[in-house]
Amino acid sequence: MRIGERFELLRSFASAAATLDDDGDVAVAVAPDHPFLITGPDLMVGRRGRLVAAFLPTAPEQAVPGRVLDRVAISRLALPPATVTVLLDDGPATVRRRHFDAVLPFAAIDDFAGFCASESRSTDVVDAEVRQQVGDRYSAIADGTRDSVGPYLQREKSGEVDGSAPRVPIRERDAGPGPSAASRSSADSQGPRGATRLTSQPAWRPLVRRAVLRCVREDFELERGAPTIRGAGLLVHVLSLDQVDTRGRDPFKPFRSAAFAGLLLPSWLESDGAL
Amino acid sequence: MRNVSSRTRALLVLVNGSPLAEEPEIHAIRKEIKDISDAGLAGHRRRTLLQAFHTARTLDTSLVVFIRSKGLGPKPRSLRESLQRLGTRQRRDVAALNPGHRDAYVNQIVHPRNDLMHNAGATLSQDEANKLLVRMEACLVEVLRL
């Protein structure tokens, strides 16, 4: 599906939901600009205390079964705990269906409006302890000092996390395949603590987005649509970029959304300090 | 200002889809959020003041209503008190702001907001205004996820 077609489809679903509006009770946003999400729901509908987040898998997400669930997981961590999710998908039924409150084909535009008008809920609320741990890690990274990140390192060094095998404190990480051959060839040296340092990275946003999703995949798994923490506990990940674009109205968003997913961007800290 | 309407639209959806929507103040909160966007049409000086003003009122009221809807104690008398309340874990089913982050919000939001609102002639550069606005927005959405 082309980008234009994708946008038109989302607009059709959004328009259908907007028709529910009675006295300003419905608010709809396509590609919502959420302060903590560099990648999130494609469509959100808020009505009478119930938030619906809809996901339309991208072509890369469709190519890998379950990949869209990474985006669902980080979204559910950032959104109110009882957020209801919808998968918009014309593909065959798969195991991921159980993670959504509804799965609708592209033609089911009226059904989407009906779902937004209903009060049905089926998947689990995100556990408060998970939300707390994610918030605490975000705070540690946003603060950005050795003192704040230290406990995550100490916990790993002492191997005291449920007796599991110690893992690398701040793990070496690459962001998966780069956006272009030119940008890939610029990876040239090792940054602090073994993080991959990329120089002259022109397309930093897709890189951060992929790194965020990879962190989510490693840190969380979904149980009936609600993220739970994998293994022994949350860690801090590092992605070292030489440049992060700080233009625009919300220059903190790259760092904030990365930090929320557990990803520290040292160059951002060096350039702008605390969040 | 770029993307004011897309961010404020997201805020509108979030409060509409949160427990705040079931409280009587929701109409006033929605109006404040719409006024943030409308303020973008004013000249620079008035725009920054109006946006800070409407965003601050959105945040103030939303936090008070959130605290009440979650049963987190009596009505706070100030934004600082709201943040302090939200920085203490009181219920198993409601997370808390991390204390360090709560203090950062006090330093980065409460102090500059008070300076701006309570001093004649006070104004903000576009950069300062952007930072204050996005920090208030981030604070609101972080509370809504607790």
Side-chain angles (χ1 to χ4, degrees), chain A residues 23-37 40-41 43-53 76-84 125-140 142-143 145 147-148 247-253 256 260 272 274-275, chain B residues 1-23 26-27 30-31 33-34 40 66 69 87 89 91-105 107-108 126-127 129-131 133-146:
Chain A
D23 196 26
D25 278 347
V26 176
V28 182
V30 175
D33 178 17
H34 188 290
F36 291 158
L37 294 174
L43 171 63
M44 287 198 316
V45 180
R47 179 176 183 271
R48 298 183 181 176
R50 183 169 175 267
L51 184 67
V52 177
R76 291 219 62 193
L77 292 168
L79 296 171
T83 297
V84 176
V125 169
V126 182
D127 186 76
E129 194 52 43
V130 174
R131 302 200 303 273
Q132 185 68 57
Q133 289 191 40
V134 169
D136 287 345
R137 182 181 63 172
Y138 164 62
S139 174
D143 183 53
T145 62
D147 283 349
S148 64
R247 291 171 299 176
R249 177 180 173 268
D250 186 357
F252 297 112
K253 184 164 178 176
R256 186 191 307 114
F260 186 74
D272 212 277
L275 191 62
Chain B
M1 261 185 162
R2 192 169 69 89
N3 286 337
V4 168
S5 60
S6 63
R7 175 61 59 83
T8 51
R9 176 163 289 277
L11 294 180
L12 196 58
V13 175
L14 284 167
V15 299
N16 247 15
S18 77
L20 306 186
E22 297 168 68
E23 303 293 329
I26 186 61
H27 302 291
R30 283 202 294 245
K31 177 71 167 55
I33 293 175
K34 287 173 180 167
F66 182 87
S69 72
R89 185 90 182 262
R91 287 176 45 163
R92 287 184 59 187
D93 60 340
V94 181
L97 291 176
N98 179 277
H101 212 56
R102 172 200 61 198
D103 294 344
Y105 279 139
N107 289 328
Q108 295 167 352
Q126 190 67 65
D127 185 49
N130 278 351
K131 286 181 176 175
L133 290 173
V134 298
R135 281 167 173 153
M136 288 195 283
E137 293 162 358
C139 181
L140 174 58
V141 301
E142 186 171 4
V143 168
L144 292 179
R145 68 168 287 277
L146 292 178

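Computed from heavy atoms alone, side chains included, the values below leave out hydrogens, waters and symmetry copies. What you are looking at is a predicted structure, and each value in this text was computed from that prediction instead of being measured.
Considering every non-hydrogen atom in both A:A29 and B:R9, the closest pair reads CB-CG, 3.7 Å. The two residues B:V13 and A:G46 have their closest heavy-atom pair at CG1-N, 3.4 Å. Nearest heavy atom pair, residue B:D93 against residue A:A128, reads C-CB, 3.7 Å.
With a 4.5 Å cut-off on non-hydrogen atoms, B:R92 touches chain A through its backbone but not through its side chain. Heavy atoms of A:V126 lying under 4.5 Å from chain B are absent altogether. A:R47 touches chain B through its backbone: at least one of N, CA, C or O sits under 4.5 Å from a heavy atom, while the side chain does not. With a 4.5 Å cut-off on non-hydrogen atoms, B:E23 does not touch chain A at all. Only the backbone of B:L146 has a heavy atom closer than 4.5 Å to any heavy atom of chain A.
Summarising the geometry, atom CZ belonging to B:R145 is positioned 9.5 Å from atom OH belonging to A:Y138; distances are rounded to the nearest 0.5 Å. In this structure, CG on B:N98 lies 12.0 Å from CD on A:Q133, to the nearest 0.5 angstrom. With values rounded to the nearest 0.5 angstrom, B:R7 atom CZ is found 5.5 Å from A:K253 atom NZ. From A:R48, atom CZ reaches atom CD1 of B:I26 across 12.5 Å, with rounding to the nearest 0.5 Å. To the nearest 0.5 Å, atoms CZ (A:F252) and CZ (B:R135) are separated by 3.5 Å. Rounding to the nearest 0.5 Å gives a distance of 8.5 Å between CG of B:L11 and NE2 of A:H34.
The greatest number of non-hydrogen atom pairs below 4.5 Å with chain A, out of B:P19, B:P99, B:A95, is found for B:A95. The greatest number of non-hydrogen atom pairs below 4.5 Å with chain B, out of A:D127, A:L77, A:T83, A:V52, is found for A:L77. Note on A:P32, A:S139, A:A82: by heavy-atom pairs under 4.5 Å with chain B, the leading option is A:S139. Annotation: maximal heavy-atom pairing with chain A below 4.5 Å, among B:A21, B:G100, B:A138, occurs at B:A138.
Two residues are said to be in side-chain contact when any heavy atoms from C-beta on lie closer than 4.5 Å; A:P80 and B:L14 meet this criterion.
Salt-bridge annotation for A:D25 and B:R30: present, with a side-chain N of the basic residue lying under 4.0 Å from a carboxylate O of the acidic one.
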